[in-house]
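Comments concern the structure below.
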Amino acid sequence: KNMTTERILVIDDEESLRFTFQAFLEDAGYRVETAETLENAEQHLAETAYDLIFLDIMLGQRSGLELLRLIHARHITTPVIMITGAPEVDTAAEAVRFAYDYIPKPVFQKTLLRVTERALRYKALLDQRERYRSHLDAIFRSAKEGLLLVNRDLEVLECNESVRRLFCQGTQKQLVNLNALPEDCSKVFLELVTQVVATEEAAELPRFDFCCHPGHVKR
């Protein structure tokens, strides 16, 4: 079967489980790597970006939760599915808090593939959202025009430096809500934004560019 581009890391100290997971997942077309210790797993994570991680809650004398906390602290967005034999209440609570999901042993092929497909769809949504955010950040950073992103309550979700200079000049206040704009700000501007939010249709204000001719500069 043709391999997909998704990469999966299976972390478990039981060789039989690593072999079984790898066989099931590779048979379904996924690229799979395995690790048997926390140290080995950390090395894999430092070298490769994975789309999904299966992590045993017990790794010999160590706890898989140590690695789960590390993944969370490093802001790694890869979904983690915990594998557990007999989940205790406290352990399961922490696993659910930091992990995408957890599955009990024994793990059957049908269950494994179903959970894998669901987690990879979730990862694809995260990646799509991150690409959109990065694209939006790039636009906001590079545009000379003022760019403003608001919700229906006119709360400012994002604005670029041009907007901050226009509305926050001389103050330490952050632009949080357009209804709280300084009194001397243009009412026409606020009315236009309100119209766009209400109709969800683009609108324009006339643009004025001012310049001073060099010949008219006083010396």
Side-chain angles (χ1 to χ4, degrees), residues 1-139 141:
K1 193 167 183 177
N2 293 332
M3 287 290 183
T4 67
T5 57
E6 290 99 339
R7 302 181 74 97
I8 299 174
L9 177 62
V10 178
I11 308 165
D12 199 292
D13 61 338
E14 293 182 39
E15 184 178 5
S16 60
L17 190 141
R18 292 197 308 274
F19 177 83
T20 301
F21 269 48
Q22 186 168 17
F24 285 164
L25 293 169
E26 286 184 347
D27 187 57
Y30 299 111
R31 300 177 186 274
V32 183
E33 295 176 19
T34 65
E36 59 181 304
T37 65
L38 287 181
E39 293 76 16
N40 190 214
E42 284 188 45
Q43 185 177 352
H44 276 78
L45 291 174
E47 297 172 352
T48 307
Y50 294 96
D51 298 288
L52 177 59
I53 298 169
F54 283 98
L55 173 60
D56 198 334
I57 214 158
M58 291 303 298
L59 293 171
Q61 301 301 314
R62 306 283 296 278
S63 170
L65 294 178
E66 293 180 45
L67 185 63
L68 184 63
R69 295 186 199 105
L70 181 65
I71 290 171
H72 181 75
R74 291 183 179 175
H75 305 289
I76 297 174
T77 58
T78 304
V80 178
I81 297 177
M82 303 299 293
I83 311 164
T84 178
E88 299 174 358
V89 175
D90 293 342
T91 303
E94 184 163 6
V96 169
R97 183 175 151 206
F98 290 124
Y100 170 75
D101 201 354
Y102 76 97
I103 52 176
K105 298 176 185 178
V107 181
F108 299 100
Q109 183 176 14
K110 185 176 180 180
T111 302
L112 177 66
L113 297 182
R114 184 178 66 248
V115 171
T116 297
E117 290 172 7
R118 188 172 68 237
L120 289 174
R121 283 197 300 269
Y122 173 72
K123 179 62 163 60
L125 287 175
L126 289 181
D127 290 346
Q128 184 180 30
R129 187 183 305 167
E130 179 59 24
R131 286 193 297 270
Y132 174 77
R133 188 196 63 77
S134 298
H135 180 63
L136 195 62
D137 284 348
I139 293 174
R141 285 194 304 270

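Counting only heavy atoms from C-beta outward, the side chains of V107 and V115 never approach each other to under 4.5 Å. Using a 4.5 Å heavy-atom cutoff, the side chains of E66 and E42 are not in contact. Here the side chains of L113 and L25 are in contact, with some heavy-atom distance below 4.5 Å. A heavy-atom distance below 4.5 Å is not found between the side chains of Q109 and T20. Within the 4.5 Å cutoff, side-chain heavy atoms of T111 are placed close to those of R114.
Shown here is R118, whose CZ atom has more than 12 heavy atoms of other residues, nucleotides or ligands within 6.0 Å. Open room surrounds CD on E15; 12 or fewer heavy atoms of other groups in view lie less than 6.0 Å from it.
Between A119 and I81, the closest heavy-atom pair is CB-CD1, 4.0 Å.
A salt bridge links D127 with K123: the distance from a Lys NZ or Arg NE/NH1/NH2 to an Asp or Glu carboxylate oxygen falls below 4.0 Å.
Distance alone, capped at 3.5 Å, is enough to place a donor-acceptor pair between the D51 side chain and the R7 backbone.
Shown here are the side chain to side chain donor-acceptor pair (under 3.5 Å) partners of E6, two or more places apart in sequence or in another chain: T4.
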So Q43 and E47, side chain to side chain contact (heavy atoms under 4.5 Å, CB included) or not? Walk me through it. CA-CA 6 Å; Q43 185 177 352; E47 297 172 352; 3.5 Å; yes
Check against side chain to side chain contact (heavy atoms under 4.5 Å, CB included), L17 and K105: CA-CA 10 Å; L17 190 141; K105 298 176 185 178; 3.7 Å; yes
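Judged as a ring-ring contact (aromatic ring centres under 6.0 Å, His included), the pairs with a partner in residues 35-64 (not counting sequence neighbours) are, in order, F21-F54.
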